[in-house]
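Treat the numbers as computed from the prediction; the structure is a model and nothing was measured.
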Amino acid sequence: SENCANQPHAPLLLTKTGQTVRRPAHSDPDSWRWDRTRTSESCPRALQVWEKGREKRLLVLGDLICLTDWGLHRFCCVPVDFEVVNVDSSLTSEDEINNAVTAIRRNGVALKGNIETNHNLPPSHKSRNNLLRTSLDLYANVMHCQTLPGVQTRHKDIDIIIIRENTEGEYSSLEHENVPGVVESLKIITRVNSLRIAEYAFRQAREKGRRRVTAVHKANIMKLGDGLFLQCCKEVAAGYPDITFDNMIVDNTTMQLVSKPQQFDVMVMPNLYGNVVSNVCAGLVGGPGLVPGANYGKDYAVFETATRNTGKSIANKNIANPTATLLASCLMLDHLGLHDYASMIRKAILRTLSETRLHTADLGGQGTTSEVVQSIMKEVQKGGPLTSEKI
Amino acid sequence: VSRIKCQIIFYCICFAFQMQTVTIIPGDGIGPEISTSVIKIFEAAKVPIQWEERNVTAIKGPGGKWMIPPEAKESMDKSKIGLKGPLKTPIAAGHPSMNLLLRKTFDLYANVRPCVSIEGYKTPYTDVDLVTIRENTEGEYSGIEHVIVDGVVQSIKLITEEASRRIAEYAFEYARNNQRNSVTAVHKANIMRMSDGLFLRKCREVAENFKDVKFTEMYLDTVCLNMVQDPTQFDVLVMPNLYGDILSDLCAGLIGGLGVTPSGNIGANGVAIFESVHGTAPDIAGMDLANPTALLLSAVMMLRHMGLHGHAKKIETACFDTIRDKKVLTKDLGGNSKCSEFTAEICRRVQDLD
């Protein structure tokens with residue numbers, strides 16, 4: 001197979017498994033494209049298993065191709081194998097997404113592209129993304145929004161962690177039409193899930209040395225639903241006296257975010273408000289192409305872009321910004337404990353980002369996706385051999 | 001008898017001068033002072049409006065139901081146009097929010113908020129020029145909630161065909177009457193297929209009758225994402241209640257906050273109430289420090305609604321010129337003038353523009 005060991009004249013690299021491999025001196029930025037063709041042609045829904053002895057992780061392809069990650073990780077000889085599962089959004093059967101869920105259950109971790117939902121189909125056709133999240137009980141969606149170097153934005157010094165309840169709330173998909181012309185949609189808030197997400201938020205805040213957690217809600221109007229959520233947050237806050245807890249109504253929150261986003265630290269909220277706030281914050285730091293997101297459950301973790309866009313209008317044009325997905329893969333590496341690889345790739349990405357010449361169209365530049373990836377690969381190479389602490 | 005004669009003569013004069021009656025509800029906190037400012041400025045601009053001041057503190061009617069005082073209701077029903085200052089809802093007063101009561105009494109189904117960047121009041125966003133039209137009666141704010149079992153709460157979001165059609169029609173009519181180019185429906189039909197799907201379907205149906213206005217659809221999250229990056233791509237936005245609440249405040253934040261944002265509520269039977277959406281600011285009430293811009297711009301919106309475009313333009317120009325000049329500004333706008341000084345400056349400019 002096309003592994004790195006066969007490349008001549010390349011710096012030595014010691015992987016976590018103790019194997020000695022060589023990082024390729026030259027990289028073919030299009031090699032991943034070749035791989036993609038082979039994959040989709042030979043096994044459209046296949047699970048391709050790589051060498052034994054390396055960790056197997058899952059790559060779920062949605063409508064946004066995130067194979068750039070695949071290419072980059074293999075270039076860096078990250079000791080992770082990808083099992084590829086394609087999910088075709090145009091099919092009405094739920095088999096493909098169920099296969100993906102099974103595969104994630106097997107592997108524990110996944111990197112995912114967004115799967116488009118055709119909202120003109122009848123309600124029986126549920127959102128595949130939502131199905132995946134609820135089946136695996138990925139209850140916490142975490143997005144770390146930071147001002148990035150080299151990216152021109154209206155606001156500076158933003159550093160917000162948004163923790164969004166990911167399984168219930170307005171996304172319960174419970175709707176009915178009792179009387180023709182009158183539709184009811186149910187928003188479910190439970191004590192168990194609210195306590196769980198609040199606990200997660202405060203634990204994260206403590207682990208990351210954050211000072212303040214803000215609960216975002218609309219309890220003045222939805223007194224019982226959001227009132228319960230707020231109540232749960234207050235209860236959990238009592239167990240973390242070192243962390244300041246306050247709350248803010250969602251419409252005021254959005255207003256404050258566009259005028260003074262620096263005031264926020266960690267924010268916790270139910271599903272829909274999380275959707276709004278995370279998109280606002282992503283827009284504030286430079287757009288959907290820059291921010292990675294993570295979905296954590298008790299047993300599984302799925303990484304994707306924070307704003308979950310399919311980018312249909314720019315697909316296959318080599319102009320998409322790969323930064324968000326690449327940073328999401330770094331989050332995945334951190335989750336797997338491969339911190340050295342994660343920081344190596346992350347540093348390379350940030351160094352490339354400060355190079356405005358290479359900015360993609362969404363950042364106002366004219367760089368292509370492959371140019372950005374190639375530059376990241378060069379930066380990785382410049383970094384020299386990676387040595388493991390195990391030596 | 002002489003008093004009745006005076007009243008008759010007064011009404012005749014009003015009729016002769018085409019004076020329109022407008023119900024003014026000063027409100028609480030800074031409400032009375034900013035209402036006085038607006039009345040002064042309108043006098044300086046010689047606007048043919050006769051004000052009828054009313055109080056809307058809730059009272060318990062026959063049958064134990066909370067309602068607004070009958071004089072207020074009567075006045076609004078007669079004049080059809082209202083201008084309202086900020087109202088406070090005391091906690092544990094036992095009655096629902098005053099704004100909610102007004103909304104229910106007059107069936108104020110559309111909340112319209114034009115957000116235009118104010119030259120002279122710098123924000124990170126320039127060239128904002130959009131209008132958010134929010135369905136104001138149903139959706140997530142229907143107030144229907146139940147505790148299913150202990151620890152599980154269900155809130156019901158109600159979307160009806162009738163309300164969706166009504167708000168869509170208003171949005172397109174507004175776009176047409178105000179020379180706006182496009183209407184964008186904001187929704188989350190990928191998740192809430194039936195409810196937002198119904199809203200979207202109605203918008204599409206109404207769009208068929210307004211071929212001169214471009215119609216687009218966009219997900220709520222995409223709108224939020226794009227709004228903070230480039231708000232100039234949006235024109236008129238129409239959406240259900242909750243999204244409207246969030247987006248209209250987001251847009252207000254883009255142009256400088258609730259202290260400079262006008263707002264209007266359109267009801268059935270031709271009723272329209274224009275209001276300032278900021279709070280009552282009890283900490284500065286009565287100290288002549290308040291900023292009347294929001295109420296003034298809402299009053300300008302009201303004039304346009306009434307067809308008095310000339311007066312609207314005059315007052316709006318005077319207000320924006322004063323802010324652009326930066327010489328006489330209230331504290332929240334970055335100056336240290338009093339409310340009365342700010343008002344006097346606008347009055348002076350209005351008279352100069354004559």
Checklist line | Contacts of residues 149-160 of chain B with chain A (heavy atom under 4.5 Å) | finding: B:G151, B:V152, B:V153, B:Q154, B:S155, B:I156, B:K157, B:L158, B:I159, B:T160

Notebook entry, point to check: What are the residues of residues 114-132 of chain B, in order of number, with any heavy atom under 4.5 angstrom from a heavy atom of chain A?
Noted result: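 So the qualifying residues are B:P124, B:Y125.
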
Under 4.5 Å from a heavy atom of chain A, the part of [X] involved:
X: B:R204; answer: side chain
X: B:K202; answer: neither
X: B:L200; answer: side chain
X: B:E217; answer: side chain
X: B:L242; answer: side chain

State, to 0.1 Å, how close [X] and [Y] come at their nearest heavy-atom pair, and which atoms those are.
X: B:Q229; Y: A:G283; answer: CG-O, 3.5 Å
X: B:L102; Y: B:L87; answer: CD1-CD1, 4.0 Å
X: B:V238; Y: B:C203; answer: CG1-SG, 4.3 Å

May I ask you to check whether [X] and [Y] show a side-chain donor-acceptor distance below 3.5 Å?
X: A:Y171; Y: A:N275; answer: yes
X: A:R164; Y: A:N271; answer: yes
X: B:S195; Y: A:E175; answer: yes
X: B:T216; Y: B:T184; answer: yes
X: A:Y139; Y: A:N295; answer: no
X: A:H144; Y: A:D159; answer: yes

So, do [X] and [Y] sit near enough that their side-chain heavy atoms are less than 4.5 Å apart?
X: A:V142; Y: A:I162; result: no
X: B:I30; Y: B:T280; result: no
X: A:L138; Y: A:V302; result: yes

Can you tell which part of [X] gets under 4.5 Å to a heavy atom of chain B, answering side chain, backbone, both or neither?
X: A:L228; answer: side chain
X: A:E177; answer: both
X: A:K223; answer: both
X: A:I249; answer: neither
X: A:N220; answer: neither

Check: So A:H217 and A:Y273, ring-ring contact (aromatic ring centres under 6.0 Å, His included) or not? Walk me through it.
Finding: CA-CA 7 Å; A:H217 64 95; A:Y273 311 148; 8.3 Å; no

Identify whether the distance between the nearest side-chain nitrogen and carboxylate oxygen of [X] and [Y] falls below 4.0 Å.
X: A:K218; Y: B:D245; answer: yes
X: A:D88; Y: A:R128; answer: no
X: B:E162; Y: B:R165; answer: yes
X: A:D246; Y: A:K234; answer: no

Using a cut-off of under 4.5 Å on heavy-atom pairs, state which of [options] scores highest against chain B.
options: A:E184, A:R191, A:H119; result: A:H119
options: A:K187, A:H125, A:H155, A:E170; result: A:K187
options: A:L195, A:L121, A:N252; result: A:L121
options: A:M222, A:R154, A:E168, A:M255; result: A:R154
options: A:P123, A:P122, A:P180; result: A:P123

Margin query: If I take atom CZ from residue B:R134 and atom OH from residue B:Y243, how far apart are they, to the nearest 0.5 angstrom?
Written below: 13.0 Å

Note to self: Heavy-atom pairs under 4.5 Å with chain A: which of B:R201, B:E145, B:E140 has the most?
What the structure shows: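 Top option by heavy-atom pairs under 4.5 Å: B:E145.
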
Margin query: Which one wins on heavy-atom pair count under 4.5 Å against chain A: B:D221, B:N190, B:L250, B:I191?
Written below: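 Among the listed options, the one with the most contacts to chain A is B:D221.
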
